[in-house]
A.B. asks: 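Questions regarding the structure given below will be posed in turn.
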Amino acid sequence: MIEIVKPALEHLPSYKAALERGWSPDNVRLLEATREQLEAIEKDPVEFLAGLDDPEAKGPPIALPDGTEVPRLPGFRRWIWDGEAAGSIGFRWQKGTSELPSHVLGHIGYAVVPWKRNRGYATEALRLMLDEARAVGLDQVEITSDLDNPASHKVVLANGGRLVGRFAKLAAYGGAESLRFRIDL
């Protein structure tokens, strides 16, 4: 059905085409992130790909939506692949703990291209990414979701997640009420 692949030059044309169709791999920054990724691909495709895989957190700080910069966490991105780009899934963590800083909205985030939704791709991609979380020694992962995103809630629940509560996002993310799920590994 699908696999999650490490971003590579062989996959880049398909991924770039998805961005050019208006899809965003970032559910927070949306088209701003799409634009930035297209510019980075154009400037230096190899550097762009290298920046998607940073398990040592050697990259620059991360800018939150309000412009605040925070230290980068170890993490990496994989592309959801069914013979062409079908989406993106990212994983970030802190070494030695399953806890996350308050500015991080969960260990795992994912986005499927609109023209391939409702096929179970996000559910399968999350299942595969949970193996990666186990491999770095986590005993649980948290995933957050907006209240009005039942499709994402269903993906998490299908992977053994449970709702642990509501929370207000930091002001940097607009302060909206959201849901926090936990999946025990």
A.B. asks: So if you build clusters from Ile, Leu, Val, Met, Phe, Trp, Tyr with side-chain heavy-atom gaps below 4.5 Å, do I89 and F76 land together?
C.D. replies: yes
A.B. asks: Does a side-chain heavy-atom distance below 4.5 Å link V5 with H11?
C.D. replies: yes
A.B. asks: Near D139 CG, under 6.0 Å, is it more than 12 heavy atoms from other residues, nucleotides or ligands?
C.D. replies: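 Above 12, so yes.
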A.B. asks: Roughly how far, to the nearest 0.5 Å, is the CG atom of L157 from the CD1 atom of I183?
C.D. replies: 8.5 Å
A.B. asks: Could you report the tightest heavy-atom contact between P25 and A111, atom names first, then the distance?
C.D. replies: O-CB, 3.9 Å
A.B. asks: To the nearest 0.5 angstrom, please state how far the CD1 atom of I4 sits from the CG atom of L128.
C.D. replies: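 So the gap between those two atoms works out to 5.0 Å.
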A.B. asks: State, without any angle test, whether D66 and T68 hold a side-chain donor-acceptor pair at a distance under 3.5 Å.
C.D. replies: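 Yes, a side-chain donor-acceptor pair sits under 3.5 Å.
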A.B. asks: In the structure I gave you, are the side-chain heavy atoms of L19 and I41 within less than 4.5 Å of one another anywhere?
C.D. replies: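 Yes, side chains in contact.
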A.B. asks: What pair of heavy atoms forms the shortest contact from L170 to S102, and how long is it?
C.D. replies: CD1-O, 3.5 Å
A.B. asks: Sequence neighbours left out, what passes side-chain contact (heavy atoms from CB on, under 4.5 Å) with S14? Give chain and number order.
C.D. replies: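 W81, E84, A85.
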A.B. asks: Under the side-chain hydrogen bond (donor to acceptor under 3.5 Å, both in side chains) test, which residues partner D131, sequence neighbours left out?
C.D. replies: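 D131: side-chain hydrogen bond (donor to acceptor under 3.5 Å, both in side chains) contacts with R134.
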A.B. asks: Count the heavy atoms belonging to other residues, nucleotides or ligands that lie under 6.0 Å from CD of E99, then report whether that count exceeds 12.
C.D. replies: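 No.
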A.B. asks: Are L12 and F48 packed together at the side-chain level, in the sense that at least one heavy-atom pair is separated by less than 4.5 angstrom?
C.D. replies: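 Yes, their side chains come closer than 4.5 Å.
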A.B. asks: For a 4.5 angstrom cut-off between non-hydrogen side-chain atoms, does V141 reach R182?
C.D. replies: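 With C-beta onward as the side chain, the pair stays apart.
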A.B. asks: Do R77 and S88 get their side chains close enough for a donor-acceptor pair, meaning under 3.5 Å?
C.D. replies: yes
A.B. asks: Same hydrophobic cluster for V164 and V104, using side-chain heavy-atom links shorter than 4.5 Å among ILVMFWY?
C.D. replies: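 Different hydrophobic clusters.
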A.B. asks: So, does D54 use its side chain to make a donor-acceptor pair with the main chain of G59 at under 3.5 Å?
C.D. replies: yes
A.B. asks: Residues in salt bridge (charged side-chain N to carboxylate O under 4.0 Å, His left out) with R127, at least two apart?
C.D. replies: E124
A.B. asks: Less than 4.5 Å apart, any side-chain heavy atom of P61 and any of V70?
C.D. replies: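 The answer is no; the side chains never approach within 4.5 Å.
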A.B. asks: Taking the side chain as every heavy atom from C-beta outward, state whether D82 and M1 have any pair of such atoms under 4.5 Å apart.
C.D. replies: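 They are not in side-chain contact.
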A.B. asks: How far apart are the closest heavy atoms of V155 and N159, and which atoms are they?
C.D. replies: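 Scanning both residues, the minimum pair turns out to be O-ND2, 3.1 Å.
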A.B. asks: So, R166 side chain and S178 main chain: donor-acceptor pair closer than 3.5 Å or not?
C.D. replies: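 Not confirmed, R166 side chain does not pair with S178 backbone.
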A.B. asks: Kindly indicate whether the side chain of R29, heavy atoms from C-beta on, has any atom under 4.5 Å from the side chain of S24.
C.D. replies: no
A.B. asks: Test of understanding: clusters of I, L, V, M, F, W, Y form through side-chain heavy atoms closer than 4.5 Å, transitively. Do M129 and L105 belong to the same one?
C.D. replies: no
A.B. asks: Same hydrophobic cluster for L52 and I62, using side-chain heavy-atom links shorter than 4.5 Å among ILVMFWY?
C.D. replies: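 No.
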A.B. asks: Nearest 0.5 Å, please: how far is CG in L73 from CZ in R92?
C.D. replies: 8.5 Å
A.B. asks: What verdict does the side chain to side chain contact (heavy atoms under 4.5 Å, CB included) test give for N118 and V112, after you've listed the backbone C-alpha separation in whole Å, the side-chain angles of each residue and the deciding distance to 0.1 Å?
C.D. replies: CA-CA 9 Å; N118 300 312; V112 174; over 6 Å; no
A.B. asks: Rounded to the nearest 0.5 Å, how far does CG of D146 lie from OG of S152?
C.D. replies: 8.5 Å
A.B. asks: Are the side chains of P101 and Q94 in touch, meaning some heavy atoms are under 4.5 Å apart?
C.D. replies: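 SC-SC contact between P101 and Q94 confirmed.
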A.B. asks: Restricting to non-hydrogen atoms, name the atom on R180 and the atom on T144 that form the minimum distance, rounded to 0.1 Å.
C.D. replies: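 The pair with the smallest heavy-atom distance is NH1-CG2, 4.0 Å.
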A.B. asks: Run the salt bridge (charged side-chain N to carboxylate O under 4.0 Å, His left out) test against E42 and tell me which residues pass, sequence neighbours left out.
C.D. replies: K16
A.B. asks: Which value, rounded to the nearest 0.5 Å, describes the distance between L38 atom CG and E20 atom CD?
C.D. replies: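 Atom-to-atom, L38:CG and E20:CD are 5.5 Å apart.
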A.B. asks: Do V28 and L147 sit in the same hydrophobic cluster, where Ile, Leu, Val, Met, Phe, Trp and Tyr count as joined when their side-chain heavy atoms come under 4.5 Å apart?
C.D. replies: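 No; tracing contacts between hydrophobic side chains, which count when under 4.5 Å, never links both residues.
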A.B. asks: Restricting to salt bridge (charged side-chain N to carboxylate O under 4.0 Å, His left out), what partner residues turn up for R117, sequence neighbours left out?
C.D. replies: none
A.B. asks: Do any N or O atoms from the side chain of Y173 and from the backbone of H103 form a donor-acceptor pair under 3.5 angstrom?
C.D. replies: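 Yes, the answer is positive, given that a donor and an acceptor are paired below the 3.5 Å cut-off.
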A.B. asks: Is any NZ, NE, NH1 or NH2 atom of the basic residue among R35 and E39 found under 4.0 Å from an Asp or Glu carboxylate oxygen of the other?
C.D. replies: yes
A.B. asks: Kindly give the heavy-atom pair with the smallest separation between G106 and L100, and that separation in Å.
C.D. replies: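 Scanning both residues, the minimum pair turns out to be C-CD1, 3.4 Å.
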A.B. asks: Please determine if E56 and K95 form a salt bridge, counting it only when a charged side-chain N lies under 4.0 Å from a carboxylate O.
C.D. replies: yes
A.B. asks: Minimum heavy-atom separation for E132 to F91, with atom names?
C.D. replies: O-CE2, 4.0 Å
A.B. asks: In Å, rounded to the nearest 0.5 Å, how long is the span from NE2 of H107 to CG of L185?
C.D. replies: 9.0 Å
A.B. asks: With a 6.0 Å cut-off on the ring centroids, do H153 and F181 count as close?
C.D. replies: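 Centroid distance H153-F181: below 6.0 Å, so yes.
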A.B. asks: Using salt bridge (charged side-chain N to carboxylate O under 4.0 Å, His left out) as the criterion, list what pairs up with K6, not counting sequence neighbours.
C.D. replies: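 By the salt bridge (charged side-chain N to carboxylate O under 4.0 Å, His left out) rule, K6 matches D53.
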A.B. asks: Is the backbone N or O of Y110 less than 3.5 Å from a side-chain atom of N27, with the two atoms forming a donor-acceptor pair by type?
C.D. replies: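 Yes; at least one donor-acceptor contact below 3.5 Å.
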A.B. asks: Which label fits Y15 and W23: parallel for a plane angle under 30°, tilted from 30 to 60°, or perpendicular past 60°?
C.D. replies: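 Ring orientation of Y15 relative to W23: perpendicular.
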